[in-house]
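First comes the structure, then the notes that go with it.
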2 protein chains.
Amino acid sequence: MAVTLRDIAAEAGVSVMTVSNVINGNRSRVSQTTIDRVQRIVEARGYVPNVSARNLAARRSHVIGVLVPVAADDSLLMSPHNVAVIGGMERALRERGYHLLLRGIADPREVSEAVQAWDLDGALLLGFLDEEIDALDLPADVPLLALDSYASHPLATGVRTDDYQGGLLAGRLLLACGHREVLFAGPTFTDIGVVRQRFDGFRAAFVEAGIAWHDGLVASVTTTHDSGVDLGRELKARYPDVTAVFATADILAIGIIEGVTDAGGRVPRDVSVVGYDNLDIGAYVTPRLTTIAQDIGDKVAVAARMLLDAIDDPAAPRTGITLPVRVLERGSVGSPREA
Amino acid sequence: MAVTLRDIAAEAGVSVMTVSNVINGNRSRVSQTTIDRVQRIVEARGYVPNVSARNLAARRSHVIGVLVPVAADDSLLMSPHNVAVIGGMERALRERGYHLLLRGIADPREVSEAVQAWDLDGALLLGFLDEEIDALDLPADVPLLALDSYASHPLATGVRTDDYQGGLLAGRLLLACGHREVLFAGPTFTDIGVVRQRFDGFRAAFVEAGIAWHDGLVASVTTTHDSGVDLGRELKARYPDVTAVFATADILAIGIIEGVTDAGGRVPRDVSVVGYDNLDIGAYVTPRLTTIAQDIGDKVAVAARMLLDAIDDPAAPRTGITLPVRVLERGSVGSPREA
DNA sequence: CTGAAAGCGCTTACAG
DNA sequence: CTGAAAGCGCTTACAG
């Protein structure tokens, strides 16, 4: 049988509540002598508080749910971006005494279920659509943080990078190199959201430069390597005048480069490609990927802090934070060839 | 206030325990009429059982800890391999009604602490050294499963792929292409463990072929892209006669290819490279990486099943399972040039 | 088929 | 500075 508070209390000759106070660092309420004695016994007996009992009594869990939508194949959406976020989050939480419950969400209702069932202190929503977030029905006192979201749900006020600026920078870069026919490649988007922002920023670069941009130059594709390859292969046929592509994700951009190469083209000589994210992998491919870089570590650190602060002080007003992005020039962008 | 069992019981006019039985599917103990009535109320009120209370009373948690060592920089060891495992594990657990607690372990003692504190039903150890596993001091009744481990700890009987065979296949492949001076590149290894097995298998290929292999041809490096690059750059200088490298991880192999290329060499013309794992990324680099492929999905599925079976029947004897590996030939291996 | 009661291991006002 | 008691929301023998 595991050692309990009661065992410690008996051995120390004090009440259970005194031991509890020592364990929880309520030192002002206990004499130093008692603290020392109890701590020695705790140490000697290898006492470990039972999480369930503590959570039940305290009506909170010190657990943060990291909730990730599950794709059609029922497996977690573990993009390199999400992986970096989860890893960083685990670390930030551990440092502050919280734990991470990783949970795939097949139906949005499971979000509030998870929050209730686990007495979650908070939750990080990773990769949900803004519409899904807005449709969430949650107890108002549980801090939620949706990463990279433009949802208007008040609980979801969060952290994101400057997607509009990212699009703008990508547009400017390609325009500065002399490109005029540029394809925007990314997932289907609506009036709000990450992709919309990147698109608007991208288009603004053309307006700013006084250069017309063809509405038709948008390719709606899934954000995967494979669909990038497909697009790259057909690029010449479907968009004969295009000299550059702005892809909303590195993984997609890398696929596009591969597809273009497969079809006999060369990057950046025939087609320039700009990605988005700055994943490690972009540095491993040939040519190295030019991309819009966001600092995921920063983003996670800020998100963790914001979430835990909201838990400590639920009444404090929350304002979203937008982190900067920058252009990381490597080898996949050049000037267009003469026609 | 959240709805509790008692609320449901009151509304249904039955005892709390009857509701509990309905919730938990002990249908043989309740009449169909009662079941229906209770279920309707549960549905209408949006009742969600409290996990802490359930765990405390039942003395089990339905939580599986996925425990990953934290590196020197305190962040989780999220290699692509581990990521795939964690993603697959979450899914397998969710399908069977379990939850995943992701936890970085800085000190091996935290393993048993976590098990105790959370009443963990089981734990998956991911990326621990065999020595660490053998040194673990755990309550005997909590199933542990160490992936890819050769530890002798009885609780750690687990699942791994055939590392010896992997090394053997890599060796045979390179020998068949005509290579004789082959460098083995991987982390420092001892008498037991994954790397030792791959090494032994690799060397056995030479013995089998009746070809001598130079003991000096082992490069001890960390399993990272960067150290691969370093090794690749110095390859010609440090190992002038070497015509091929067998790296114990794809990420390392990819770095080596890049380093060789940086130094003006060409793969596979000047140097052939074989990796290990079959990560997605191996298909994106130039040339595409030839590698020893393991089916991580399979491995995780088997591991999840084994772990949950052990939880269901702790008395059942456990035997480790070794899954097959195969050679995946792509573009990074060729014949050595004439000297 | 159903229930009353004890108990899981903690924390939290409250009292002194 | 310390304690007795109630209670968190469940499950588990036990009894009928």
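Numbered from 1 within each chain, the chains take letters A, B, ... in sequence-line order.
Residue B:S31 places none of its side-chain N or O atoms closer than 4.0 Å to OP1 or OP2 of C:dC1. For the pair A:N55 and D:dC8, the criterion of a side-chain N or O lying under 4.0 Å from OP1 or OP2 is not met. Contact annotation: A:R59 side-chain N/O to C:dT12 OP1/OP2 distance is not under 4.0 Å.
Among D:dC10, C:dT12, C:dC10, the nucleotide with an atom closest to any side-chain atom of A:A58 is C:dT12. Checked against C:dT11, D:dC8, D:dT11, the side chain of B:R54 finds its nearest nucleotide in D:dT11. Nearest to the side chain of A:A53, among C:dT11, C:dC10, D:dG3, sits C:dC10.
Note on A:T34: only backbone sugar-phosphate atoms sit closer than 4.0 angstrom, heavy atoms only; bases stay farther off. In this structure, B:V14 reaches the sugar-phosphate backbone alone: every heavy-atom distance under 4.0 Å involves primed, P, OP1 or OP2 atoms, never a base.
A straight line from CG of A:L56 to C1' of D:dC8 spans 4 Å, rounded to a whole angstrom. When rounded to the nearest whole Å, the span between CG of A:N21 and P of D:dG3 equals 10 Å. One atom, CD1 of A:I8, and another, C1' of C:dG9, lie 13 Å apart when rounded to the nearest Å. One interatomic measurement links the two molecules: CZ of B:R37 to C1' of C:dT2, which rounds to 12 Å at whole-angstrom precision. What separates CG of B:L5 from P of D:dG7 is a distance of 18 Å, to the nearest Å. The CZ atom of A:R60 sits 14 Å away from the C1' atom of C:dT12 (whole-angstrom rounding). For the pair A:M17 CE and C:dA13 C1', the computed distance is 10 Å after rounding to whole Å. Following rounding to the nearest Å, B:N50 (CG) and C:dC8 (P) show an atom-to-atom distance of 18 Å.
For B:R60, the salt bridge (charged side-chain N to carboxylate O under 4.0 Å, His left out) partners at least two apart in sequence or on another chain are B:D121.
Annotation: side chain of A:W118 is in contact with side chain of B:V63 (closest heavy-atom distance under 4.5 Å). Residues A:D295 and A:L323 fail the side-chain proximity criterion, which asks for heavy atoms closer than 4.5 Å. Residues B:I23 and B:V42 have side chains in contact (heavy-atom distance under 4.5 Å, counting atoms from C-beta outward).
Salt-bridge check for A:R109 with A:E113: failed, with every basic side-chain N at 4.0 Å or more from each acidic carboxylate O.
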Wobble G-U and Watson-Crick pairs count when both distances are under 3.5 Å; given that, what is the 5' to 3' dot-bracket string of DNA chain D, with | for pairing to other strands? |||.||||||||.|||
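With DNA chain C read from its 5' end, the first of the two nearest nucleotides for B:G13 and A:S20 is the one closest to B:G13. Position along DNA chain C of the nearest nucleotide to A:R6 versus B:T18 favours B:T18 as the more 5'-ward residue.
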Do A:D309 and A:R96 pass the salt bridge (Lys or Arg N to Asp or Glu O under 4.0 Å) test, and can you show the C-alpha distance, the side-chain angles, and the key distance before you say yes or no? CA-CA 11 Å; A:D309 285 352; A:R96 291 186 53 175; 3.8 Å; yes
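For the residue pair B:T4/B:N50, the side-chain donor-acceptor check at 3.5 Å is not satisfied.
Of all the heavy atoms in A:A304 and A:M89, the pair that sits closest is CA-CE, 3.7 Å.
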